[in-house]
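Here the structure is laid out as structure tokens; the discussion comes afterwards.
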Amino acid sequence: MISRRKFIINSGITALGISAGLSAKSSENKGRYKLYESNRPPLGERKFVSSVVEDTISEVSASLKNKELAWMFENCFPNTLDTTVNFKMTEGIPDTFIITGDIPAMWLRDSTAQVWPYLSLVNQDEDLKNLINGLIRRQTKCVLIDPYANAFNDGPKGSHWESDITDMKPELHERKWEIDSLCYTIRLAYGYWKETGDISCFDDDWFEAQKLILRTFIEQQRKENPGSYKFLRETTVATDTVMGGGYGNPINPVGLICSMFRPSDDATYFPFLVPSNYFAVVSLRQMNEMLREIKNETDISRKASQLADEVEGALKNFAVFEHLKFGKILAYEVDGFGNRIFMDDANIPSLLSLPYLNSIKRDDPLYVRTREFLFSKNNPWFFGGKSWNGIGSPHTGVNKVWHMSIIMRALTSQDESEIAEAIKTLLSTHAGAGFMHESFYIDDPSNFTRSWFAWANTLFGELILKLHRENRELLYYI
């Protein structure tokens with residue numbers, strides 16, 4: 001098996017069925033990407049086909065004046081369904097396993113994000129509805145196997161990482177504790193319930209999983225002791241293991257939840273990861289609502305609500321600091337002692353993505369000031385080149401911008417010119433592939449990481465679909 005760290009760079013023929021490393025220059029010599037010929041797998045080789053998704057692709061593509069943009073939407077929006085889904089029905093019960101792309105394992109975070117844009121379509125396609133129902137059921141099983149794991153195998157197959165010094169199990173691909181992994185399972189369940197009203201997947205196992213999520217969050221507040229989780233890895237990559245003997249740097253137990261890893265799968269420096277704690281507040285309130293309305297349960301739901309209030313209060317008191325230039329803004333990581341890191345990482349949840357996750361309003365002055373910082377040279381992970389700029393990640397190193405950050409900039413913006421500029425950047429940095437990548441070198445988009453990254457592809461599709469529905473005129477003039 002391969003690690004998320006072993007990047008697929010300009011890999012040539014991939015599982016996408018295309019030459020993903022094709023440079024823009026060579027593509028132009030072949031007639032501007034072969035006149036935008038589809039780079040999707042042939043119909044018979046697609047993992048899952050949804051009639052409503054196909055109709056949506058046709059509708060959106062036909063409305064776009066920019067044919068390159070239409071071609072990219074056609075390639076990206078269905079990429080999760082085309083290439084990453086393993087769906088089956090067993091005695092009438094759906095089960096869905098979704099790999100992240102070039103790594104044959106399922107991340108709780110990625111799998112939720114990969115299907116998120118399809119939620120608005122499920123009531124028009126029973127098969128698509130079953131697919132997401134099955135993913136909720138599979139995620140429930142994963143949480144019950146181990147709430148501290150971030151990535152799972154499709155069965156007890158063992159892992160390249162089974163030598164990690166932590167409580168590994170054969171069902172796990174990796175066991176990096178990340179708050180957002182559990183938050184994403186709640187986000188998917190809540191979104192599905194609100195869209196469909198279907199409660200068939202919210203069975204006794206799901207209820208047990210919610211109780212386990214709540215216990216895990218409370219344990220990782222570390223009010224009395226470090227808890228049961230520790231993680232060490234023999235590695236030359238500092239961010240692939242955890243300091244403090246596997247428990248992380250010291251924290252002052254102020255009510256925030258510790259996360260040993262970021263959504264990039266890099267280790268945190270200060271264990272209180274601010275964007276993930278914001279995400280947890282929203283998720284706990286969604287859990288509370290589902291437990292009350294679906295399960296008629298009051299005790300666990302009340303505890304979820306109380307924890308949400310506690311974390312929210314701690315964020316107000318311990319996550320906001322005076323910056324030398326921007327005034328009071330959000331830190332990325334804190335320890336409860338007053339130490340903090342001012343930065344952002346492209347992976348979601350990020351500080352940039354907080355409005356997208358319904359954690360803060362876009363016009364909140366705290367977010368406005370923080371956002372101004374994020375797109376400045378004061379953010380050490382914001383990079384600007386000759387033609388493009390954006391937020392990167394320590395995961396890929398300096399001078400590499402993530403497509404995800406450019407998409408998220410557009411999704412959280414209130415400025416039409418900023419949104420249009422972000423789309424133009426995406427159009428000019430896909431390196432002729434017609435797909436999104438993980439990151440690209442700031443002055444050379446043909447130097448990129450991960451040619452098959454389904455989350456980034458689907459997120460791009462989500463952006464275009466949202467604009468098609470809400471601001472079609474902006475897209476028309478791109």
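Since this is a predicted model, take the numbers as computed values, not measurements.
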side-chain contact (heavy atoms from CB on, under 4.5 Å) against [X], all qualifying residues, sequence neighbours excluded:
X    : result
K88  : T90, D95, R138
S259 : E178, I179, L273
N389 : F382, R409
V368 : none

Worksheet item: Residues two or more places apart in sequence or in another chain: which of them pass side-chain hydrogen bond (donor to acceptor under 3.5 Å, both in side chains) with N471?
Response: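 side-chain hydrogen bond (donor to acceptor under 3.5 Å, both in side chains) list for N471, sorted by chain: E416.
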
Fill in: Aromatic ring pairing W455/Y184, orientation class (parallel under 30°, perpendicular over 60°, tilted between)
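Perpendicular.
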
Practice prompt. Just say parallel, tilted or perpendicular for the rings of F217 and W177, cut-offs at 30° and 60°.
Written response: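 Tilted: the ring planes of F217 and W177 meet at 30° to 60°.
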
Item to complete: Taking ring pair (Phe, Tyr, Trp, His ring centres under 6.0 Å) as the test, write out the residues that go with Y332, two or more places apart.
Response: none

Discussion item. For Y269, give me all partners under ring pair (Phe, Tyr, Trp, His ring centres under 6.0 Å), at least two apart in sequence or on another chain.
Written reply: none

Is [X] reaching over with its side chain to a backbone N or O of [Y], donor-acceptor style, under 3.5 angstrom?
X    : Y    : answer
W107 : T100 : no
T241 : A238 : no
D443 : K386 : yes
T239 : D266 : no
S376 : F373 : yes
E45  : D82  : no
D415 : S417 : yes
N347 : R262 : no
N153 : P156 : no
S111 : M106 : no

Less than 4.0 Å between a side-chain N and a carboxylate O, is that true for [Y] and [X]?
X    : Y    : value
K67  : E74  : no
D240 : R233 : yes
E174 : K176 : yes
K400 : E438 : no

Under the rule for salt bridge (Lys or Arg N to Asp or Glu O under 4.0 Å), what residues qualify as partners of [X], not counting sequence neighbours?
X    : answer
K47  : none
D345 : none
K361 : none
D180 : R109

Worksheet item: For Q414, does the CD atom sit with more than 12 other heavy atoms under 6.0 Å from it, leaving out its own atoms?
Response: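 Result for CD/Q414: enclosed.
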
Item to complete: Please examine the side chains of Y118 and T56, heavy atoms only from C-beta on, and report whether any two atoms are closer than 4.5 Å.
Response: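 Heavy-atom side-chain distance check fails, nothing below 4.5 Å.
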
Worksheet item: For Y192 and L119, which heavy atoms make the closest approach, and how far apart are they?
Response: CA-CD2, 3.8 Å

Item to complete: Search all heavy atoms of C76 against all heavy atoms of M436 and return the closest pair with its distance.
Response: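 Distance-wise, the nearest heavy atoms are SG-N, 4.0 Å.
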
Worksheet item: Only one of D167, D146, N150 forms a side-chain hydrogen bond (donor to acceptor under 3.5 Å, both in side chains) with R175, so which one is it?
Response: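 Only match with R175 under side-chain hydrogen bond (donor to acceptor under 3.5 Å, both in side chains): D146.
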
Practice prompt. Please collect all salt bridge (charged side-chain N to carboxylate O under 4.0 Å, His left out) contacts where either partner lies in residues 454-465, sequence neighbours excluded, each pair once.
Written response: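 Every candidate salt bridge (charged side-chain N to carboxylate O under 4.0 Å, His left out) pair involving residues 454-465 fails, so no pair, neighbours aside, qualifies.
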
Worksheet, complete the sentence: OG1 (T396) and NE2 (H437) are apart, to the nearest 0.5 Å, by 13.5 Å

Worksheet item: Do we get R371 above Y367's six-membered ring, with its NZ or CZ under 6.0 Å from the centre and within 45° of the axis?
Response: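 R371 over Y367 ring: no.
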
Practice prompt. Would you kindly check if the NZ (Lys) or CZ (Arg) of R40 is within the cone defined by 45 degrees around the ring axis of F73 and under 6.0 Å from the six-membered ring centre?
Written response: no

Item to complete: Take I257 and F272, measure what side chain to side chain contact (heavy atoms under 4.5 Å, CB included) needs, and give me the verdict at the end.
Response: CA-CA 6 Å; I257 304 167; F272 293 143; 5.9 Å; no

